[in-house]
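Comments concern the structure below.
Computed from a prediction, not measured in an experiment: that's the story for all the values here. Numbering of residues begins at 1 and proceeds along the displayed sequence.
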Amino acid sequence: MKLTNSISISGTTGTGKTYGACKIANDLGLRAVVIDFENKTEKTVRLLFPESVNRFEIIPVMIRKDESKTDVTKTGKITRNDMRIVLKNAPDYLKSFLHLKDNVINDVLGRNDFDVLIYDGATPILRNNMGLEYWKMLHPDRENPMPEEWGAMNDIERAFIEGGIGWAEENDGLFIVTGQMKDLYRGDKVVGEVPAISMKVQHTIDVTLQVEKKIGLKTEYVCTCLDSIRGQWVENLTFDRHILDVLIEKELIGYD
(Lines give C-alpha, C1' and ligand atoms only; values in the text may rest on other atoms or scores of the structure.)
Protein backbone atom coordinates (compact mmCIF):
# COMPACT_ATOMS: atom_id res chain seq x y z
CA MET A 1 0.00 0.00 0.00
CA LYS A 2 1.32 3.40 -0.95
CA LEU A 3 1.66 6.04 1.74
CA THR A 4 -0.43 8.34 -0.47
CA ASN A 5 -3.47 7.11 -2.35
CA SER A 6 -5.17 10.47 -2.90
CA ILE A 7 -4.09 14.05 -3.61
CA SER A 8 -6.04 17.25 -4.16
CA ILE A 9 -4.40 20.19 -5.97
CA SER A 10 -6.19 23.54 -5.71
CA GLY A 11 -5.19 26.91 -7.10
CA THR A 12 -6.26 29.88 -9.17
CA THR A 13 -6.25 29.86 -12.97
CA GLY A 14 -2.78 29.39 -14.41
CA THR A 15 -1.08 27.84 -11.38
CA GLY A 16 -0.39 24.55 -13.15
CA LYS A 17 -2.95 22.24 -11.55
CA THR A 18 -3.55 20.19 -14.69
CA TYR A 19 0.15 20.15 -15.49
CA GLY A 20 1.03 19.07 -11.96
CA ALA A 21 -1.45 16.19 -11.95
CA CYS A 22 -0.39 14.95 -15.38
CA LYS A 23 3.30 15.30 -14.54
CA ILE A 24 2.91 13.04 -11.52
CA ALA A 25 1.44 10.30 -13.71
CA ASN A 26 3.88 10.91 -16.56
CA ASP A 27 7.12 11.04 -14.58
CA LEU A 28 6.20 7.99 -12.49
CA GLY A 29 5.57 6.08 -15.71
CA LEU A 30 1.95 5.32 -14.82
CA ARG A 31 -1.17 4.79 -16.90
CA ALA A 32 -3.83 7.43 -16.23
CA VAL A 33 -7.52 7.88 -16.84
CA VAL A 34 -8.53 11.54 -16.72
CA ILE A 35 -12.14 12.65 -16.27
CA ASP A 36 -11.87 16.14 -17.73
CA PHE A 37 -14.34 18.74 -16.42
CA GLU A 38 -12.80 21.71 -18.28
CA ASN A 39 -11.86 20.28 -21.69
CA LYS A 40 -8.20 21.23 -21.38
CA THR A 41 -6.34 18.09 -20.29
CA GLU A 42 -5.90 16.71 -23.80
CA LYS A 43 -4.17 19.90 -24.95
CA THR A 44 -1.88 19.88 -21.89
CA VAL A 45 -0.84 16.27 -22.48
CA ARG A 46 -0.40 16.71 -26.23
CA LEU A 47 1.77 19.82 -25.87
CA LEU A 48 3.79 19.02 -22.74
CA PHE A 49 3.93 15.21 -22.66
CA PRO A 50 3.78 14.20 -26.35
CA GLU A 51 5.83 11.06 -25.76
CA SER A 52 3.25 9.79 -23.24
CA VAL A 53 -0.02 10.47 -25.07
CA ASN A 54 -0.81 6.76 -25.30
CA ARG A 55 -0.62 6.37 -21.51
CA PHE A 56 -3.38 8.95 -20.93
CA GLU A 57 -7.01 8.06 -21.54
CA ILE A 58 -8.91 11.34 -21.40
CA ILE A 59 -12.68 11.32 -20.98
CA PRO A 60 -14.29 14.75 -21.51
CA VAL A 61 -17.60 14.97 -19.66
CA MET A 62 -18.67 18.52 -20.49
CA ILE A 63 -21.46 18.55 -23.08
CA ARG A 64 -21.99 21.83 -24.92
CA LYS A 65 -25.30 23.53 -25.65
CA ASP A 66 -26.36 23.57 -29.30
CA GLU A 67 -28.19 26.89 -29.39
CA SER A 68 -27.96 30.30 -27.79
CA LYS A 69 -30.88 31.46 -25.71
CA THR A 70 -31.81 34.82 -24.21
CA ASP A 71 -35.22 34.96 -22.54
CA VAL A 72 -36.30 38.01 -20.56
CA THR A 73 -39.73 38.15 -18.96
CA LYS A 74 -41.59 41.24 -20.15
CA THR A 75 -44.22 41.26 -17.42
CA GLY A 76 -44.36 40.13 -13.85
CA LYS A 77 -41.41 39.41 -11.57
CA ILE A 78 -38.07 39.03 -13.31
CA THR A 79 -35.82 36.38 -11.76
CA ARG A 80 -32.18 35.56 -12.32
CA ASN A 81 -33.23 32.61 -14.46
CA ASP A 82 -35.27 34.92 -16.69
CA MET A 83 -32.23 37.10 -17.35
CA ARG A 84 -29.74 34.30 -17.94
CA ILE A 85 -27.91 34.48 -21.28
CA VAL A 86 -26.79 31.11 -22.57
CA LEU A 87 -24.41 31.27 -25.53
CA LYS A 88 -23.82 28.59 -28.10
CA ASN A 89 -21.23 26.03 -26.99
CA ALA A 90 -21.59 27.02 -23.33
CA PRO A 91 -21.53 24.00 -21.00
CA ASP A 92 -24.83 22.23 -20.41
CA TYR A 93 -24.18 21.32 -16.79
CA LEU A 94 -27.29 19.17 -16.34
CA LYS A 95 -26.67 17.03 -19.44
CA SER A 96 -23.01 16.80 -18.47
CA PHE A 97 -23.84 15.66 -14.94
CA LEU A 98 -26.34 13.04 -16.11
CA HIS A 99 -23.79 11.77 -18.64
CA LEU A 100 -21.13 11.55 -15.94
CA LYS A 101 -23.48 9.85 -13.46
CA ASP A 102 -25.17 7.44 -15.83
CA ASN A 103 -22.58 6.64 -18.50
CA VAL A 104 -19.07 7.33 -17.21
CA ILE A 105 -18.29 7.06 -13.53
CA ASN A 106 -19.41 3.51 -12.70
CA ASP A 107 -17.56 2.09 -15.68
CA VAL A 108 -14.33 3.91 -14.74
CA LEU A 109 -14.50 3.00 -11.05
CA GLY A 110 -15.08 -0.64 -11.97
CA ARG A 111 -11.83 -0.92 -13.94
CA ASN A 112 -8.34 -1.92 -12.77
CA ASP A 113 -6.38 -1.53 -16.02
CA PHE A 114 -4.79 1.82 -15.10
CA ASP A 115 -2.79 3.28 -12.19
CA VAL A 116 -3.91 6.90 -11.75
CA LEU A 117 -7.40 8.37 -11.77
CA ILE A 118 -7.57 12.15 -12.24
CA TYR A 119 -10.65 14.35 -11.90
CA ASP A 120 -9.32 17.47 -13.60
CA GLY A 121 -11.13 20.72 -12.74
CA ALA A 122 -13.82 18.90 -10.76
CA THR A 123 -14.18 21.38 -7.91
CA PRO A 124 -16.33 23.36 -7.54
CA ILE A 125 -18.00 22.33 -10.83
CA LEU A 126 -19.35 19.09 -9.34
CA ARG A 127 -21.04 20.99 -6.55
CA ASN A 128 -21.83 24.52 -7.72
CA ASN A 129 -22.62 23.95 -11.39
CA MET A 130 -23.51 20.34 -12.08
CA GLY A 131 -24.95 19.65 -8.64
CA LEU A 132 -27.06 22.79 -8.65
CA GLU A 133 -28.58 22.04 -12.06
CA TYR A 134 -29.31 18.47 -10.97
CA TRP A 135 -31.05 19.82 -7.86
CA LYS A 136 -33.15 22.15 -10.01
CA MET A 137 -34.16 19.22 -12.21
CA LEU A 138 -35.40 17.39 -9.12
CA HIS A 139 -37.21 20.55 -7.91
CA PRO A 140 -38.76 22.08 -11.07
CA ASP A 141 -40.96 24.43 -9.05
CA ARG A 142 -38.00 26.00 -7.21
CA GLU A 143 -35.54 28.60 -8.51
CA ASN A 144 -32.79 28.04 -5.95
CA PRO A 145 -32.25 25.87 -2.87
CA MET A 146 -32.61 27.26 0.62
CA PRO A 147 -29.30 27.79 2.48
CA GLU A 148 -29.79 24.61 4.50
CA GLU A 149 -30.39 22.63 1.30
CA TRP A 150 -26.97 23.38 -0.18
CA GLY A 151 -25.67 20.39 1.75
CA ALA A 152 -27.19 18.23 -0.99
CA MET A 153 -24.60 19.59 -3.45
CA ASN A 154 -21.83 18.84 -0.95
CA ASP A 155 -23.14 15.26 -0.79
CA ILE A 156 -22.94 14.99 -4.58
CA GLU A 157 -19.34 16.20 -4.59
CA ARG A 158 -18.42 13.89 -1.73
CA ALA A 159 -19.96 10.82 -3.41
CA PHE A 160 -17.93 11.25 -6.60
CA ILE A 161 -14.66 12.08 -4.85
CA GLU A 162 -15.00 9.33 -2.27
CA GLY A 163 -15.65 7.00 -5.21
CA GLY A 164 -12.25 7.98 -6.61
CA ILE A 165 -10.58 7.54 -3.24
CA GLY A 166 -12.20 4.12 -2.87
CA TRP A 167 -10.98 3.08 -6.33
CA ALA A 168 -7.41 4.06 -5.41
CA GLU A 169 -7.47 2.18 -2.10
CA GLU A 170 -9.00 -0.94 -3.64
CA ASN A 171 -6.55 -1.06 -6.55
CA ASP A 172 -3.49 0.39 -4.76
CA GLY A 173 -3.64 3.24 -7.24
CA LEU A 174 -3.48 7.01 -7.02
CA PHE A 175 -6.45 9.38 -7.17
CA ILE A 176 -5.88 13.09 -7.95
CA VAL A 177 -8.55 15.81 -7.99
CA THR A 178 -7.82 19.37 -9.12
CA GLY A 179 -9.93 22.47 -8.70
CA GLN A 180 -10.24 26.18 -8.13
CA MET A 181 -10.01 28.42 -5.09
CA LYS A 182 -12.84 30.43 -3.55
CA ASP A 183 -12.92 33.61 -1.47
CA LEU A 184 -12.76 33.23 2.29
CA TYR A 185 -15.05 35.69 4.05
CA ARG A 186 -14.99 37.05 7.58
CA GLY A 187 -18.34 38.73 7.82
CA ASP A 188 -18.66 40.77 4.62
CA LYS A 189 -14.91 41.12 4.11
CA VAL A 190 -12.77 38.88 1.90
CA VAL A 191 -9.76 37.85 4.00
CA GLY A 192 -8.16 35.27 1.71
CA GLU A 193 -8.75 32.24 -0.47
CA VAL A 194 -9.32 28.57 0.32
CA PRO A 195 -9.72 25.49 -1.90
CA ALA A 196 -13.21 25.20 -3.35
CA ILE A 197 -13.32 21.53 -2.37
CA SER A 198 -15.54 21.08 0.70
CA MET A 199 -13.92 20.59 4.10
CA LYS A 200 -15.44 17.13 4.66
CA VAL A 201 -13.95 15.95 1.38
CA GLN A 202 -10.56 17.49 2.21
CA HIS A 203 -10.37 15.42 5.38
CA THR A 204 -10.79 12.16 3.45
CA ILE A 205 -7.89 12.95 1.08
CA ASP A 206 -4.35 11.94 2.05
CA VAL A 207 -2.54 15.06 0.78
CA THR A 208 -4.29 18.42 0.28
CA LEU A 209 -2.24 20.97 -1.68
CA GLN A 210 -2.73 24.63 -2.56
CA VAL A 211 -0.62 26.26 -5.30
CA GLU A 212 -0.18 30.03 -5.57
CA LYS A 213 1.70 32.29 -7.95
CA LYS A 214 4.62 34.01 -6.23
CA ILE A 215 6.76 35.62 -8.89
CA GLY A 216 10.20 36.40 -7.50
CA LEU A 217 13.91 35.89 -7.92
CA LYS A 218 14.02 32.33 -6.61
CA THR A 219 10.52 30.94 -7.03
CA GLU A 220 7.60 31.11 -9.43
CA TYR A 221 5.03 29.36 -7.24
CA VAL A 222 4.47 28.33 -3.66
CA CYS A 223 2.96 24.96 -2.73
CA THR A 224 1.21 24.82 0.64
CA CYS A 225 0.23 21.47 2.14
CA LEU A 226 -2.91 21.97 4.22
CA ASP A 227 -3.04 18.38 5.40
CA SER A 228 -0.96 15.20 5.10
CA ILE A 229 0.49 12.40 7.18
CA ARG A 230 3.70 14.50 7.26
CA GLY A 231 1.79 17.48 8.63
CA GLN A 232 1.49 20.92 7.07
CA TRP A 233 4.31 22.56 5.14
CA VAL A 234 5.13 25.28 2.59
CA GLU A 235 7.62 24.74 -0.27
CA ASN A 236 8.77 26.85 -3.21
CA LEU A 237 8.24 25.55 -6.74
CA THR A 238 10.37 26.52 -9.73
CA PHE A 239 10.67 25.43 -13.34
CA ASP A 240 13.05 22.73 -12.11
CA ARG A 241 11.25 21.79 -8.89
CA HIS A 242 7.70 20.60 -9.26
CA ILE A 243 4.92 19.24 -7.06
CA LEU A 244 6.14 15.70 -7.71
CA ASP A 245 9.67 16.57 -6.57
CA VAL A 246 8.35 17.97 -3.29
CA LEU A 247 6.12 14.94 -2.67
CA ILE A 248 9.11 12.64 -3.25
CA GLU A 249 11.27 14.71 -0.87
CA LYS A 250 8.56 14.47 1.78
CA GLU A 251 8.36 10.70 1.16
CA LEU A 252 4.66 11.05 0.39
CA ILE A 253 4.99 9.44 -3.03
CA GLY A 254 7.72 7.53 -4.81
CA TYR A 255 8.80 5.15 -7.53
CA ASP A 256 8.15 1.44 -7.22
Side-chain angles (χ1 to χ4, degrees), residues 6-11 17 34-39 59-65 69 71 77-86 90-110 117-170 175-188 190 193-206 208 210 226-227:
S6 55
I7 301 170
S8 70
I9 305 173
S10 299
K17 301 180 295 295
V34 184
I35 298 180
D36 184 3
F37 289 80
E38 296 181 330
N39 293 337
I59 305 174
V61 295
M62 210 53 69
I63 298 172
R64 300 294 179 178
K65 293 182 182 291
K69 178 181 177 183
D71 291 331
K77 181 181 178 181
I78 297 178
T79 68
R80 287 183 61 187
N81 283 341
D82 294 324
M83 300 180 65
R84 180 178 299 169
I85 298 174
V86 180
D92 188 319
Y93 289 112
L94 178 57
K95 285 185 179 179
S96 300
F97 177 79
L98 294 175
H99 173 59
L100 173 65
K101 179 175 72 72
D102 296 334
N103 304 321
V104 175
I105 193 64
N106 286 327
D107 176 65
V108 170
L109 296 181
L117 174 60
I118 301 172
Y119 292 178
D120 190 29
T123 59
I125 290 176
L126 263 175
R127 178 176 69 251
N128 290 3
N129 301 93
M130 289 181 166
L132 178 58
E133 293 304 313
Y134 182 59
W135 184 93
K136 288 180 179 180
M137 183 194 76
L138 298 178
H139 302 81
D141 57 331
R142 305 272 302 279
E143 181 181 355
N144 284 303
M146 299 290 288
E148 60 270 18
E149 293 175 311
W150 273 96
M153 273 60 82
N154 288 332
D155 291 340
I156 286 172
E157 177 192 65
R158 186 165 66 249
F160 279 90
I161 292 181
E162 288 183 350
I165 294 171
W167 171 87
E169 293 175 347
E170 181 179 347
F175 170 67
I176 305 175
V177 57
T178 75
Q180 296 290 331
M181 306 291 289
K182 64 179 181 180
D183 290 335
L184 175 64
Y185 283 89
R186 185 171 298 155
D188 295 331
V190 177
E193 290 184 311
V194 293
I197 191 170
S198 63
M199 289 300 297
K200 286 185 178 179
V201 173
Q202 284 189 46
H203 290 317
T204 63
I205 291 176
D206 292 335
T208 304
Q210 175 180 327
L226 303 176
D227 190 26

Please report the shortest heavy-atom distance between [X] and [Y], naming the atom on each side.
X    : Y    : result
V61  : S96  : O-CB, 3.3 Å
P195 : Q210 : CD-OE1, 3.8 Å
M146 : R142 : CG-NH2, 3.5 Å
F37  : G121 : CB-O, 3.5 Å
S10  : M181 : CB-SD, 3.7 Å

Roughly how far apart are [X] [atom1] and [Y] [atom2], rounded to 0.5 Å?
X    : Y    : atom1 : atom2 : value
L98  : Y93  : CG    : OH    : 15.0 Å
S8   : L226 : OG    : CG    : 7.5 Å
T123 : K17  : OG1   : NZ    : 9.0 Å
I35  : Y119 : CD1   : OH    : 5.0 Å
I205 : K200 : CD1   : NZ    : 15.0 Å
R158 : I197 : CZ    : CD1   : 11.5 Å

Heavy-atom distance under 4.5 Å between the side chains of [X] and [Y], does that happen here?
X    : Y    : value
W135 : N144 : no
Q202 : D227 : no
L109 : L117 : yes
E38  : I125 : yes
M153 : N128 : no

| task | Decide if atom NZ of K101 counts as having more than 12 heavy atoms of other residues, nucleotides or ligands within a radius under 6.0 Å. | result |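 Counting neighbours around NZ of K101, more than 12 heavy atoms of other residues, nucleotides or ligands fall under 6.0 Å, so yes.
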| task | Please indicate whether D141 has more than 12 foreign heavy atoms, meaning atoms of other residues, nucleotides or ligands, lying under 6.0 Å from its CG. | result |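 For D141, atom CG is crowded (more than 12 foreign heavy atoms under 6.0 Å).
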| request: Could you tell me which residues satisfy side-chain contact (heavy atoms from CB on, under 4.5 Å) with I156, sequence neighbours excluded, listed by chain and number? | output: F97, Y134, F160
| task | Using atom types as modelled and distance alone, determine if a side-chain donor or acceptor of D206 lies under 3.5 Å from a backbone N or O of S6. | result |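 Yes.
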| Knowing that exactly one of E157, R127, E162 qualifies, which makes a side-chain contact (heavy atoms from CB on, under 4.5 Å) with V201? | E157
